[in-house]
Asker: 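A single structure is presented below for examination.
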There are 2 protein chains.
Amino acid sequence: MSTAQGARARARIEVTSAIKDEARRQLAADGAAKLSLRAVARELGMVSSALYRYFPSRDDLLTALIIDAYDSLGEAAETAHAAVADVGPLRRWVAVCEAARGWALRRPHEYALIYGSPVPGYQAPDTTVPAASRVGLLLMGIVRDAHRSVGVARTPIPAELRPEADRLAADLAPDLPAEVSVALVAAWAQVFGLIGFELFGQFNRVVEDRETFFRYSVSRIGHGVGLVFPGNP
Amino acid sequence: MSTAQGARARARIEVTSAIKDEARRQLAADGAAKLSLRAVARELGMVSSALYRYFPSRDDLLTALIIDAYDSLGEAAETAHAAVADVGPLRRWVAVCEAARGWALRRPHEYALIYGSPVPGYQAPDTTVPAASRVGLLLMGIVRDAHRSVGVARTPIPAELRPEADRLAADLAPDLPAEVSVALVAAWAQVFGLIGFELFGQFNRVVEDRETFFRYSVSRIGHGVGLVFPGNP
DNA sequence: CTCAAGCGAGAGCAGTGCTCTCGCTTGAGA
DNA sequence: TCTCAAGCGAGAGCACTGCTCTCGCTTGAG
């Protein structure tokens, strides 16, 4: 009853995804600011007003693209993780980070859409939350596995951070030590900081061998979360 | 001969900075994408075409704002650093990072302009490089001081990173150990990763006490660069 | 004192997001 | 099986954008 809807509904789905595809094409070519509803409609052989039957505004189209981008990134990361399921936690951590970086380099404008400055005047609706969490949850899963098997190193935290750490850990991962949860959230932001700096040109004329640099840096970040050294299991 | 120019030149400077001021106002209010040359001109009581006598295009206006923003951030960081010149390196490191975060929270749209996704289709000219480096150089100075006085901890790097590390160190800070230079560049990106995540809403419903969280996180990053613990000199 | 350079005003072009109205089509319910 | 409202595309139009070009006034350097 969900797939075998009427022809009308099926056509609507097709047109909707054709619009998103073309929009994604233009996004990849020229970036979000130059994404034009009229140009999308033109390319699809329809008139611009017809497009508003599918997306009530340009921002809604962008939101759809954002969710798709989060999902695409999440899927890339999860695929990469599945491919190294049998190695140690730190290696898996690095593999996931490298997958995220690779995805970002392949689709810079989509990355900018989700981790760059949000489109001005626009607040991401809660709809995006689940898709946005996938990479973070994946990284957390790695740390959780490590915690259960080989254990994780715990760095003591200052007293002033204790309330926030406990609250954050209770919300996020009650089974992990609060110290680790805090470090994990920070690590998550730091990994994307590295990706963003590379992508947005801050490393120009500074870092040359960016792949090696990234691998080493995220490996140290992973170590900072408490993951063990590559040599160990 | 540079300040006492003709009245024409002085007027030009005044009008130019009036344009930038009004543009900055609109930028702060609505973000970069909604910054409109026509609206700026309107507000200044001039016609839009007249504005092109001062900035050849909208992108050039944005570039001017970008440089000013880098300088403003750099100045905020340097002022904060000067205010704690007599404390230990790690404390100074944290103070500079907190100043950068504070500046970003106070001027989110300007921060987005320089560390968020670059305005699409637009490549920052080399003009911006010196202004853009100020915070990085400041952080490097702190590590250099620490290296000269109390010394910095050196984390060994893998062999595959050795060439890049040596090249990077030679370019950036020949007086610092290559291991430290690499860690410093990564730390630089990681600090701004934390700021960006907070500013762009990634920490919504995740981190509550963001100030404490940030202070702890950048302190750990500083420690990762080799700075000593707060207790020590 | 002069005359070119600097400047502001205005009209105009091509493009944008978005709205509204008009008819055609189509499929679900009587 | 027939009908009629809902869904849809087309077109015109509004208010806005960045940018160009031409026209005259002003002004300050030679």
Side-chain angles (χ1 to χ4, degrees), chain A residues 1-20 22-23 25-27 29-66 113 118-123, chain B residues 1-20 22-23 25-27 29-66 113 118-123:
Chain A
M1 63 181 185
S2 74
T3 68
Q5 301 256 67
R8 193 144 236 175
R10 233 177 310 121
R12 181 165 237 285
I13 292 176
E14 262 177 37
V15 176
T16 302
S17 83
I19 291 172
K20 286 204 287 186
E22 176 59 29
R25 258 205 51 243
Q26 293 193 15
L27 176 66
D30 300 316
K34 289 196 179 168
L35 172 63
S36 149
L37 280 190
R38 292 181 107 111
V40 170
R42 209 180 303 134
E43 212 67 24
L44 259 51
M46 38 180 16
V47 86
S48 74
S49 61
L51 214 146
Y52 284 83
R53 300 276 178 199
Y54 300 89
F55 295 93
S57 80
R58 186 180 178 277
D59 275 0
D60 289 87
L61 216 197
L62 273 180
T63 301
L65 292 184
I66 286 176
L113 202 58
V119 180
Y122 157 86
Q123 266 293 9
Chain B
M1 64 182 186
S2 75
T3 69
Q5 301 257 67
R8 192 144 236 174
R10 234 178 309 122
R12 183 166 234 286
I13 291 176
E14 261 177 37
V15 175
T16 302
S17 84
I19 292 172
K20 285 204 289 186
E22 177 57 32
R25 257 206 53 243
Q26 294 194 15
L27 176 66
D30 300 316
K34 289 194 179 169
L35 171 63
S36 149
L37 280 190
R38 292 182 106 110
V40 170
R42 208 180 303 132
E43 212 66 26
L44 261 48
M46 39 179 18
V47 87
S48 73
S49 61
L51 215 145
Y52 284 82
R53 300 276 178 199
Y54 300 90
F55 295 94
S57 81
R58 186 180 179 278
D59 277 0
D60 289 86
L61 215 197
L62 274 180
T63 302
L65 292 184
I66 287 176
L113 200 59
V119 179
Y122 157 85
Q123 267 294 10

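Since this is a predicted model, take the numbers as computed values, not measurements. Keep in mind that the numbers below use all heavy atoms, side chains included, and drop hydrogens, waters and symmetry copies. Here is the naming used below: chain letters follow the sequence lines, and residue numbers restart at 1 for every chain.
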Asker: Ala50(A): what forms a side-chain contact (heavy atoms from CB on, under 4.5 Å) with it, not counting sequence neighbours?
Answerer: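 Ala50(A) satisfies side-chain contact (heavy atoms from CB on, under 4.5 Å) with Met46(A), Val47(A) once adjacent residues are dropped.
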
Asker: Kindly write out the residues that satisfy side-chain contact (heavy atoms from CB on, under 4.5 Å) with Ala29(B), not counting sequence neighbours, or none if the list is empty.
Answerer: none

Asker: Please enumerate all residues that pass side-chain contact (heavy atoms from CB on, under 4.5 Å) together with Ser57(A), with sequence neighbours excluded.
Answerer: Asp59(A), Asp60(A)

Asker: Can you list everything that forms a salt bridge (charged side-chain N to carboxylate O under 4.0 Å, His left out) with Arg25(A)? Sequence neighbours excluded, please.
Answerer: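 If we apply the salt bridge (charged side-chain N to carboxylate O under 4.0 Å, His left out) test to Arg25(A), skipping adjacent residues, the hits are Glu22(A).
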
Asker: Mind checking if Leu44(B) touches a base, just sugar-phosphate, or nothing, with heavy atoms under 4.0 Å?
Answerer: nothing

Asker: Which nucleotides of nucleotides 20-27 of chain C have their base under 4.0 Å from a protein heavy atom (B), which only their sugar-phosphate (S), and which neither (-), written as one string 5' to 3'?
Answerer: B----BBS

Asker: Under the rule for side-chain contact (heavy atoms from CB on, under 4.5 Å), what residues qualify as partners of Ser36(A), not counting sequence neighbours?
Answerer: Arg38(A), Ala39(A)

Asker: The criterion is side chain to side chain donor-acceptor pair (under 3.5 Å); which residues satisfy it with Thr16(B), sequence neighbours excluded?
Answerer: none

Asker: Starting the side chain at C-beta, find the nucleotide from dA10(D), dC18(C), dC19(D) nearest to Val47(A).
Answerer: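 Of dA10(D), dC18(C), dC19(D), dA10(D) is nearest to the side chain of Val47(A).
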
Asker: Check every atom of dC19(D), dT16(C), dG8(C) against the side chain of Ala50(B) and return the nucleotide holding the closest atom.
Answerer: dG8(C)

Asker: Assuming nearest nucleotide by heavy-atom distance, tell me which of Leu37(A) and Gly45(B) is located more 5' along DNA chain C.
Answerer: Gly45(B)

Asker: With sequence neighbours left out, what residues match Ser48(B) under side chain to side chain donor-acceptor pair (under 3.5 Å)?
Answerer: none

Asker: If I take atom OH in residue Tyr54(B) and atom C1' in nucleotide dC19(D), what distance separates them, rounded to the nearest angstrom?
Answerer: 18 Å

Asker: DNA chain D in dot-bracket, Watson-Crick or G-U pairs under 3.5 Å, [ ] crossing, | other strand?
Answerer: ||||||||||||||||||||||||||||||

Asker: Of all the nucleotides listed (dC19(D), dT16(C), dG17(C)), which has the minimum atom distance to the side chain of Tyr52(A)?
Answerer: dG17(C)

